[in-house]
Amino acid sequence: MRSLTFVIGTGRSGSTALSRILSTHPDVLSLNEYMASVGDAAFPEGQVSGGDFWEALFRPTPYFANMLRSGLLMPEFLYTRRPGRYCAQGTGIPALSLMVLPHLTDDPDGLLDDIRAAVIDWPRRTAAEHHEALFDWLGARLGRTAVVERSGYSTGWAQGLRAAFPHAKFVHLFRDGPDCALSMSRHPGYRVITLMREIKERTGVESFGDLTDEDVRSLPPDLAPLLDERFDPALVQERDLPLRRFGALWSELVIQGAQFLDELPAAQRTTLSYEDLLDAPRKELARLAAFIGFEPARQWLDGACARLDDSRRGSAGKQLTPAELDELRESCAPGTRALADRPSRE
């Protein structure tokens, strides 16, 4: 069985750079945004057939499909940079194709075809067993022995991942609060997340599936259209969203991640600070490699160091007024305290 590690965190924390660095190691199967792509729908209860599992991998992710149809693109949407046979305005871009497969190959359509041929006739088993079988298949296909899944905004999935994959290891990746929150505030995905959270707060529902027509009619005209399959991207891009909301979101996610890590056996957990990675990349990457279970070859470390960019460090302090920075720090304070109180890593 290949080793399996999940990198969880807030997103906007150097996590995409980490996925790129891991992908350059010949032994690592770097699954970029896999969980964000397949989502909860790919983990139904009970046993599922290979055909049903394939459908979960193929059908477009609704959240991202709506953004694509609306012309609201995220930098993480790799498939849109080199389009293939699928398009947002037609049948949609398959879940695995949008961000996962272009990270692994220059021919995502071809690899998707091969995945379909491999999995569609698999026997009935639990969703977790199907996912692990796919990880094994991809590892064998690409000659990789260590599987590392990394998705942004992923702390909410951590408990479910632990239940599905009890042997897996977890890395909690985090970045300085104000810098991360400022980055979130400028990212279309996190702006949509913040607005969707506002919809839930206004209507009092826990799931969008619980929304009634009356709930939708109660929403202001700058929020209700976001629930449609297509909306004006200006509703997201031009909305005035206070920075403190992103600071509060960062704190919530960091606390969630820290509390989850505390519940794990020491051998299955570690932390990684983006600032530590920038300060001591060789040390931190070698430590991470030892935890995951692969050899940190010198050539790989040399290439990894060249891929790290510290130009955005301290962005909040450089770009905000003192009053704005103070307010953002205050909203980040609960998360900052949670990180300061975390147990030392072994």
Side-chain angles (χ1 to χ4, degrees), residues 4-19 22 30-43 61 63-64 74 76 99-100 128 131 147-166 168-185 187 189-194 196-197 200-201 206-207 245-266 268-277 288 291-292 331-343 345:
L4 176 59
T5 304
F6 292 97
V7 179
I8 62 169
T10 63
R12 311 309 299 162
S13 55
S15 54
T16 299
L18 181 61
S19 281
L22 290 172
S30 176
L31 296 177
N32 175 63
E33 304 284 3
Y34 181 86
M35 279 303 304
S37 299
V38 301
D40 294 336
F43 286 85
T61 310
Y63 170 78
F64 297 133
M74 301 199 310
E76 292 83 356
M99 297 181 287
V100 182
H131 288 289
V147 180
V148 183
E149 193 282 336
R150 192 282 317 166
S151 292
Y153 193 64
S154 53
T155 57
W157 289 311
Q159 291 288 358
L161 292 173
R162 184 187 181 192
F165 310 104
K169 296 178 180 180
F170 289 84
V171 179
H172 183 206
L173 174 64
F174 51 84
R175 178 187 180 189
D176 172 77
D179 284 355
C180 189
L182 181 61
S183 181
M184 287 177 173
S185 75
H187 187 276
Y190 284 86
R191 293 180 67 83
V192 170
I193 286 169
T194 300
M196 290 298 183
R197 285 163 62 93
K200 286 185 175 181
E201 291 168 3
E206 293 187 6
S207 168
R245 294 174 66 176
F246 296 95
L249 175 60
W250 177 85
S251 282
E252 178 184 323
L253 298 176
V254 162
I255 291 170
Q256 193 175 47
Q259 290 176 341
F260 169 74
L261 225 66
D262 287 346
E263 300 170 1
L264 294 175
Q268 289 181 258
R269 71 185 185 204
T270 195
T271 60
L272 179 61
S273 159
Y274 181 57
E275 285 71 29
D276 287 349
L277 182 60
L288 184 64
F291 175 75
I292 293 171
S331 64
C332 290
T336 302
R337 287 194 294 269
L339 293 178
D341 294 341
R342 72 188 188 276
R345 64 191 179 213

Criterion side-chain contact (heavy atoms from CB on, under 4.5 Å) on Phe260 and Thr155, from CA distance to verdict:
CA-CA 8 Å; Phe260 169 74; Thr155 57; over 6 Å; no
Leu18 vs Leu288, side-chain contact (heavy atoms from CB on, under 4.5 Å): CA-CA, chis, key distance, verdict
CA-CA 11 Å; Leu18 181 61; Leu288 184 64; 3.9 Å; yes
Compare all side-chain heavy atoms of [X] with those of [Y] and state whether any distance is below 4.5 angstrom.
X	Y	result
Ile193	Phe246	no
Arg162	Glu263	yes
Arg150	Glu33	yes
Ser15	Val7	no
Tyr274	Asp179	no

List the steps and the verdict of side-chain contact (heavy atoms from CB on, under 4.5 Å) for Arg197 and Leu249.
CA-CA 10 Å; Arg197 285 163 62 93; Leu249 175 60; 3.6 Å; yes
Flag, side chain of [X] to backbone of [Y], donor-acceptor distance under 3.5 Å:
X	Y	result
Thr61	Phe64	no
Thr271	His172	no
Thr10	Tyr153	no
Ser151	Ala36	yes
His131	Phe43	no
Asn32	Thr16	no
Ser251	Ala248	no
Ser30	Ser19	yes
Glu76	Met99	no
Arg175	Gly14	no

Residue from Phe165, Tyr34, Trp157 passing ring pair (Phe, Tyr, Trp, His ring centres under 6.0 Å) with Phe6:
Phe165
Test side-chain contact (heavy atoms from CB on, under 4.5 Å) on Phe174 and Asp276 and set out the steps.
CA-CA 10 Å; Phe174 51 84; Asp276 287 349; over 6 Å; no
Closest heavy-atom contact between [X] and [Y]?
X	Y	answer
Arg269	Leu264	NH1-O, 2.8 Å
Val100	Ser37	CG2-OG, 3.6 Å
Met184	Tyr190	O-CB, 3.4 Å
Gly177	Cys332	C-SG, 3.6 Å

Going through the distances and angles, do Glu252 and Arg245 end up as a salt bridge (charged side-chain N to carboxylate O under 4.0 Å, His left out)?
CA-CA 11 Å; Glu252 178 184 323; Arg245 294 174 66 176; over 6 Å; no
So how far is it from Arg191 CZ to Met74 CE, rounded to the nearest 0.5 Å?
14.0 Å
To the nearest 0.5 Å, what is the distance between CE on Met35 and CG on Asp40?
6.0 Å
